[in-house]
Trainee: 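Structure incoming, see below.
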Amino acid sequence: MAGVRPMLSGVPETLLWTFYNRAYEAGRPYPVLDDPVALRLLEDLDYPFEERFGRPNPFHSQAQGLRSRCFDLAVQEYLADRPRATVVALGDGLETGFWRVDNSRLNWLSVDLPEVAELRRRLLPASDRLRTLSRSATDLSWLDEIEDPQGRGVVVTTQGLLMYLRPAEVREILAACAERLPGGVLVLDTMARRLARGTVAGRSKVGTMTIPPMRWAMNPGERPKLRGAHPAITEVRALRLPRGRGAMGELIRIQSLLPGLRTLTPAMTQLRFGGRTSY
């Protein structure tokens, strides 16, 4: 049986790059991210990963695995108190977080562009607690698709997405979530300004792929500014990468902590929205 060949370009193609790194890490001995669904998905795809992105870099692959694991831990922390919550994954790409954190009670809403949503439907296992919505994250009508947000609780994830949007679009998403999801949280990652400038200038490449412009950037020390998006944002909390594997994992951890080096990798942040959620 022939594999599925994704036909993606621009920002949507970046999901293949992050997926490639995550799947490579999942296949390593003692991986930092247990992701059997990603390994199966790699077999189902007909795509020249190495030709397009180069050979997997063990440092970047482990860092990608740790980033996904950081998002997973934030979701699981929320689910510990609200096990029937809805997880809304904006720009979900070929992430397989649903299967990594599933507690058999949560509901998952994957929101992505039509060409990516179609890939997810074709390639990933179906579940009656998983829906895929063909819609841009900037089309805020996806908020209307969340069932009983105040009763069950909501955690929104935006892994590898917001940096490709314009600042006004990011602010609109954060403000809308704060307004409409009291008691919920949103987990995001940001790229430092210096690295983002290289993408805007067209100088940043991975293999033969030119990384699309990252229009929104923020250094880790600027996190407090996020509270200004809406008065209902009651907490802005830095999320630390979990401990990695071996000397390389320790290097990634140290890099993420030292002021002079932590701007070289994405920074993870959790926003909490005011209001009481009953469950």
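The analysis underlying the following values was restricted to heavy atoms, covering all of them including side chains, and did not include hydrogens, waters or symmetry mates. Everything quoted here is computed from the prediction, not taken from an experiment.
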Trainee: Can you check side-chain contact (heavy atoms from CB on, under 4.5 Å) on Thr269 and Asp189, steps first, answer last?
Mentor: CA-CA 6 Å; Thr269 305; Asp189 56 348; over 6 Å; no
Trainee: Once salt bridge (charged side-chain N to carboxylate O under 4.0 Å, His left out) is applied, do any residues pair with Glu222, and if so which ones, sequence neighbours excluded?
Mentor: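 Applying salt bridge (charged side-chain N to carboxylate O under 4.0 Å, His left out) to Glu222 gives Arg193, Lys225.
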Trainee: Less than 4.5 Å apart, any side-chain heavy atom of Arg180 and any of Asp144?
Mentor: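 A side-chain contact exists here, since the closest heavy-atom pair is under 4.5 Å.
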Trainee: Given Glu118 and Ser134, is the side chain to side chain donor-acceptor pair (under 3.5 Å) satisfied, shown in steps?
Mentor: CA-CA 8 Å; Glu118 178 60 24; Ser134 299; over 6 Å; no
Trainee: Is any side-chain heavy atom of Arg152 less than 4.5 Å from a side-chain heavy atom of Ile146?
Mentor: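 No, every pair of side-chain atoms sits at 4.5 Å or beyond.
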Trainee: Indicate the atoms forming the closest heavy-atom contact of Glu25 with Gly65, along with that distance.
Mentor: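 Taking every non-hydrogen atom into account, CG-CA, 4.4 Å.
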Trainee: Using side-chain heavy atoms (C-beta onward) and a distance below 4.5 Å, is Leu188 in contact with Met268?
Mentor: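 No. Closest side-chain heavy atoms not under 4.5 Å.
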Trainee: Checking side chain to side chain contact (heavy atoms under 4.5 Å, CB included) between Phe19 and each of Thr14, Leu45, Asp35, which is the one that passes?
Mentor: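 Only match with Phe19 under side chain to side chain contact (heavy atoms under 4.5 Å, CB included): Leu45.
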Trainee: Output yes when Arg129 and Asp102 qualify as a salt bridge under the 4.0 Å nitrogen-oxygen rule, no when they do not.
Mentor: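 Yes, charged N to carboxylate O under 4.0 Å.
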Trainee: If we ignore angles and hydrogens, is there a donor and acceptor under 3.5 Å between the side chains of Ser68 and Gln159?
Mentor: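 Note: Ser68 and Gln159 side chains meet the donor-acceptor criterion.
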Trainee: Sequence neighbours left out, what passes salt bridge (charged side-chain N to carboxylate O under 4.0 Å, His left out) with Glu77? Give chain and number order.
Mentor: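 Once residues adjacent in sequence are excluded, the partners of Glu77 under the salt bridge (charged side-chain N to carboxylate O under 4.0 Å, His left out) criterion are Arg237.
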Trainee: Answer yes or no: are there more than 12 heavy-atom neighbours, outside Arg55 itself, under 6.0 Å from its atom CZ?
Mentor: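 No, not enclosed.
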Trainee: Give the C-alpha distance, both sets of side-chain angles, the deciding distance and a yes or no for side chain to side chain donor-acceptor pair (under 3.5 Å) between Thr18 and Arg22.
Mentor: CA-CA 6 Å; Thr18 56; Arg22 194 175 75 254; 5.0 Å; no
Trainee: Taking 4.0 angstrom as the limit, do Glu250 and Arg243 come out as a salt bridge?
Mentor: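 Looking at Arg243 together with Glu250, the answer is yes, because their closest N to O distance falls below 4.0 Å.
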Trainee: Show your working on side-chain contact (heavy atoms from CB on, under 4.5 Å) between Leu174 and Leu186 and close with a plain yes or no.
Mentor: CA-CA 8 Å; Leu174 301 186; Leu186 183 147; 3.9 Å; yes
Trainee: Tell me every residue that passes salt bridge (charged side-chain N to carboxylate O under 4.0 Å, His left out) with Glu235, counting only those two or more places apart in sequence or in another chain.
Mentor: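 Per chain and number, Glu235 pairs via salt bridge (charged side-chain N to carboxylate O under 4.0 Å, His left out) with Arg272.
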Trainee: Would you sort out whether Thr86 and Glu147 count as a side chain to side chain donor-acceptor pair (under 3.5 Å), showing the intermediate values?
Mentor: CA-CA 8 Å; Thr86 297; Glu147 298 178 3; over 6 Å; no
Trainee: Looking at Ser204 and Leu195, what are the two nearest heavy atoms and their distance?
Mentor: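 Looking at all heavy atoms of both residues, the closest pair is OG-O, 4.3 Å.
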Trainee: Give every donor-acceptor pair under 3.5 Å between a side-chain atom in residues 208-217 and any protein atom, sequence neighbours left out.
Mentor:
unit_1, atom_1, unit_2, atom_2, d
Thr208, OG1, Arg52, O, 3.3
Thr208, OG1, Arg52, NH1, 2.9

Trainee: Closest approach of Tyr24 and Ser61, non-hydrogen atoms and distance?
Mentor: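 Heavy-atom minimum between the residues: CD2-OG, 3.3 Å.
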Trainee: Which is it for Val88 and Leu90 under the side-chain contact (heavy atoms from CB on, under 4.5 Å) test, yes or no, and what are the steps along the way?
Mentor: CA-CA 6 Å; Val88 182; Leu90 301 180; 3.9 Å; yes
Trainee: State which residue, out of Val187, Val236, Val156, Thr234, fulfils the side chain to side chain contact (heavy atoms under 4.5 Å, CB included) condition with Leu271.
Mentor: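 It is Val236, the one option of Val187, Val236, Val156, Thr234 that forms the side chain to side chain contact (heavy atoms under 4.5 Å, CB included) with Leu271.
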Trainee: Between Leu119 and Val4, is there a side-chain heavy-atom distance shorter than 4.5 Å?
Mentor: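 Of all side-chain heavy-atom pairs linking Leu119 with Val4, at least one is under 4.5 Å.
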Trainee: Please determine if Arg69 forms a cation-pi arrangement with Phe71, meaning its NZ or CZ atom is less than 6.0 Å from the six-membered ring centre and no more than 45° off the ring axis.
Mentor: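 Arg69 over Phe71 ring: no.
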Trainee: Can you name the closest pair of heavy atoms from Gly91 and Asp112 and give their distance?
Mentor: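 Heavy atoms of Gly91 and Asp112 come nearest at C-OD2, 3.2 Å.
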Trainee: Residues in salt bridge (charged side-chain N to carboxylate O under 4.0 Å, His left out) with Arg84, at least two apart?
Mentor: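 With neighbours one apart ignored, the set is empty.
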Trainee: Arg171: which residues meet the side chain to side chain contact (heavy atoms under 4.5 Å, CB included) condition with it, sequence neighbours left out?
Mentor: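 With neighbours one apart ignored, the set is Ala229.
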Trainee: Measure across Met191 and Met163 and return the closest heavy-atom pair with its distance rounded to 0.1 Å.
Mentor: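 Shortest heavy-atom separation between Met191 and Met163 comes out as N-CE, 4.3 Å.
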Trainee: Would Val101 and Trp108 count as a side-chain contact (heavy atoms from CB on, under 4.5 Å) here? Give the steps.
Mentor: CA-CA 10 Å; Val101 305; Trp108 191 284; 3.8 Å; yes
Trainee: Is the CZ atom of Arg131 crowded by more than 12 outside heavy atoms at less than 6.0 Å?
Mentor: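 Above 12, so yes.
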